[in-house]
Peer 1: 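So that we are looking at the same thing, I have put the structure below in structure tokens.
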Amino acid sequence: MQYKISASILSVNFANLGKEIDALIDGGTDSIHLDVMDNHYVPNLTFGSDFCKAIHQHSPKINLDVHIMAYNIDPLIASFAANGAHSITIHPDQTVHLHRNITEIKQHNIVAGVALNPATPINSIEYILDEIDQVLIMSVNPGFGGQKFITSSLKKIEKLKNLITQKNHDISIAVDGGINLDTICSIKDAGADIFVIGNAITNTDNYLETIQEFRTLLSR
Ligand code: DX5
Ligand code: ZN
């Protein structure tokens, strides 16, 4: 299994953004995870597509995983697609027309993801499983980095993994929130493919060493 690490920059020092991105890429992250927040869907405010564009221009080769936690997503999908997003992940309760939004993401030739909050059931995406490339299981309530992993997420990952395997869907399972050196093994064992990690990397002094520690655990 080719596990992937996607480093979230939510908790980096934004005054040093270019250096932070370089250190994560040099440290071996597979992608950079961008948390787009609007202070309405979640109680926090972050960045728009200009920010994505700046990172894409700084480091054109790294995949940028855009996780949108905002309302009024139609214009956001188009603008992130035009500004370097490799994947775009949206939440079902942000939109009246989830299928249409997913179709639009795919039309831009971008990896399409759907995120499930801790209380959102898997059956909310039952009828779009043929359309999507990845499911992002939120293992914290969205909005902030540095929160504690919600353990009921493990059952949800297992259930989703079984469903995907049974129905032979080509869908990756990503997990986002509270992943650290203590929690990653149980998340891997539950069936995750992609690990979105913020504080447990960016709160350390040496991103390369930390990412290597995660990889060692994933290789066991
Ligand atoms: C939370 C975000 C996460 C966050 C994860 O809403 O979606 O991507 O950055 O941060 P940690 O790993 O610190 O929980
Ligand atoms: Zn995220």
Side-chain angles (χ1 to χ4, degrees), residues 3-14 17 20-21 23-24 27 29-49 51-52 55 62-71 73 76-77 80 85-94 105 111-120 133-154 156-157 172-188 192-205 207 210-211 213-215 217-218:
Y3 296 116
K4 297 226 161 114
I5 290 176
S6 186
S8 166
I9 56 164
L10 185 60
S11 303
V12 302
N13 178 356
F14 289 127
L17 185 62
E20 295 276 9
I21 298 289
L24 289 167
T29 191
D30 294 298
S31 56
I32 300 282
H33 180 90
L34 302 180
D35 289 306
V36 177
M37 304 184 186
D38 69 346
N39 187 36
H40 290 272
Y41 181 71
V42 289
N44 198 358
L45 182 64
T46 59
F47 33 74
S49 59
F51 193 91
C52 183
I55 298 173
I62 193 74
N63 286 346
L64 300 178
D65 298 329
V66 176
H67 174 195
I68 300 184
M69 288 157 277
Y71 289 120
I73 56 177
L76 293 179
I77 289 171
F80 278 97
H86 171 260
S87 72
I88 295 181
T89 295
I90 58 178
H91 291 244
D93 51 359
Q94 287 166 333
I105 294 171
V111 174
V114 173
L116 299 178
N117 286 333
T120 307
D133 303 303
Q134 66 184 37
V135 178
L136 181 71
I137 299 287
M138 291 305 300
S139 41
V140 297
N141 286 297
F144 301 96
Q147 300 181 78
K148 192 171 176 291
F149 183 82
I150 296 172
T151 37
S152 62
S153 316
L154 294 173
K156 200 194 250 183
I157 298 164
S172 306
I173 301 178
V175 180
D176 186 5
I179 302 182
N180 56 39
L181 294 167
D182 295 326
T183 56
I184 195 162
C185 290
S186 51
I187 300 165
K188 175 191 74 155
D193 309 296
I194 302 168
F195 302 80
V196 178
I197 308 174
N199 275 268
I201 295 174
T202 60
N203 255 358
T204 65
D205 293 333
Y207 296 171
T210 307
I211 291 172
E213 283 182 70
F214 276 112
R215 293 228 189 263
L217 292 176
L218 289 175

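Any value given below was found using the heavy atoms of this structure, including those in side chains, with hydrogens, waters and symmetry copies removed. Counting starts at 1 for both ligands and their atoms, following the listed order.
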Peer 1: As an exercise, identify every atom of ligand 1 less than 4.0 angstrom from a heavy atom of Pro142.
Peer 2: 6 (O)
Peer 1: Identify, for atom 9 (O) of ligand 1, the protein heavy atom at the shortest distance, and state residue, atom and that distance.
Peer 2: Ser8 OG, 2.7 Å
Peer 1: Evaluating non-hydrogen atoms only, which member of Ala200, Ala115, Gly145 is closest to atom 10 (O) of ligand 1?
Peer 2: Gly145
Peer 1: Taking C-beta and beyond as the side chain, do Phe144 and Pro43 meet within less than 4.5 Å on heavy atoms?
Peer 2: yes
Peer 1: Apply ring pair (Phe, Tyr, Trp, His ring centres under 6.0 Å) to Tyr41 and list each qualifying residue two or more places apart in sequence or on a separate chain.
Peer 2: Tyr71, His91
Peer 1: Considering heavy atoms of the protein only, find what lies nearest to atom 11 (P) of ligand 1 and give residue, atom and distance to 0.1 Å.
Peer 2: Gly146 N, 3.6 Å
Peer 1: Distance under 4.0 Å to a non-hydrogen atom of Gly177: what atoms of ligand 1 satisfy this?
Peer 2: 14 (O)
Peer 1: Heavy atoms only, cut-off 4.0 Å: how does Leu10 contact ligand 1, side chain, backbone, both, or neither?
Peer 2: side chain
Peer 1: Is a donor from one side chain sitting under 3.5 angstrom from an acceptor on the other, for Thr210 and Thr204?
Peer 2: yes
Peer 1: Would you say Asp65 and His67 are linked by a side-chain donor-acceptor pair, where the criterion is simply a distance under 3.5 Å?
Peer 2: no
Peer 1: Checking a contact table here: which protein heavy atom is nearest atom 14 (O) of ligand 1, and how many Å away?
Peer 2: Gly178 N, 2.9 Å
Peer 1: Only heavy atoms of Asp176, strictly under 4.0 Å: list the atoms of ligand 1 that pass.
Peer 2: 2 (C), 3 (C), 4 (C), 5 (C), 7 (O), 8 (O)
Peer 1: Could you check Asn199, Ile201, Asn203 and say which one makes a side-chain contact (heavy atoms from CB on, under 4.5 Å) with Ser11?
Peer 2: Asn199
Peer 1: To the nearest 0.1 Å, how far is atom 12 (O) of ligand 1 from its closest protein heavy atom, and which atom is that?
Peer 2: Gly198 N, 2.8 Å
Peer 1: Report the protein N/O/S neighbours of the Zn ion (ligand 2) that fall below 2.8 Å; do not count waters.
Peer 2: His33 NE2, Asp35 OD1, His67 ND1, Asp176 OD2
Peer 1: Provide the number and element of each atom of ligand 1 under 4.0 Å from a heavy atom of Phe144.
Peer 2: 1 (C), 6 (O)
Peer 1: Quick check: does Asn141 get an N/O under 3.5 Å from an N/O on ligand 1?
Peer 2: no
Peer 1: For ligand 1, is there an N or O atom under 3.5 Å from any N or O atom of Gly143?
Peer 2: yes
Peer 1: What atoms in ligand 1 come closer than 4.0 Å to a heavy atom of Asp35?
Peer 2: 2 (C), 3 (C), 4 (C), 7 (O), 8 (O), 9 (O)
Peer 1: If you measure every N or O of Ile197 against every N or O of ligand 1, does any of those distances drop under 3.5 Å?
Peer 2: no
Peer 1: Considering the options Asp182, Asn180, Ile184, Val175, which one meets the side-chain contact (heavy atoms from CB on, under 4.5 Å) requirement together with Phe149?
Peer 2: Val175
Peer 1: Dump the intermediate steps for side-chain contact (heavy atoms from CB on, under 4.5 Å) on Glu20 and Phe14, then the final yes or no.
Peer 2: CA-CA 8 Å; Glu20 295 276 9; Phe14 289 127; over 6 Å; no
Peer 1: Should His33 be counted as touching ligand 1, given the test is an N or O pair under 3.5 Å?
Peer 2: yes
Peer 1: Which ligand 1 atoms are under 4.0 Å away from a heavy-atom of Met37?
Peer 2: 6 (O)
Peer 1: Show which atoms of ligand 1 fall inside a sub-4.0 Å distance from at least one heavy-atom site of His67.
Peer 2: 7 (O)
Peer 1: Relative to the heavy atoms of Asn199, which atoms of ligand 1 are at a distance of less than 4.0 Å?
Peer 2: 11 (P), 12 (O), 13 (O)
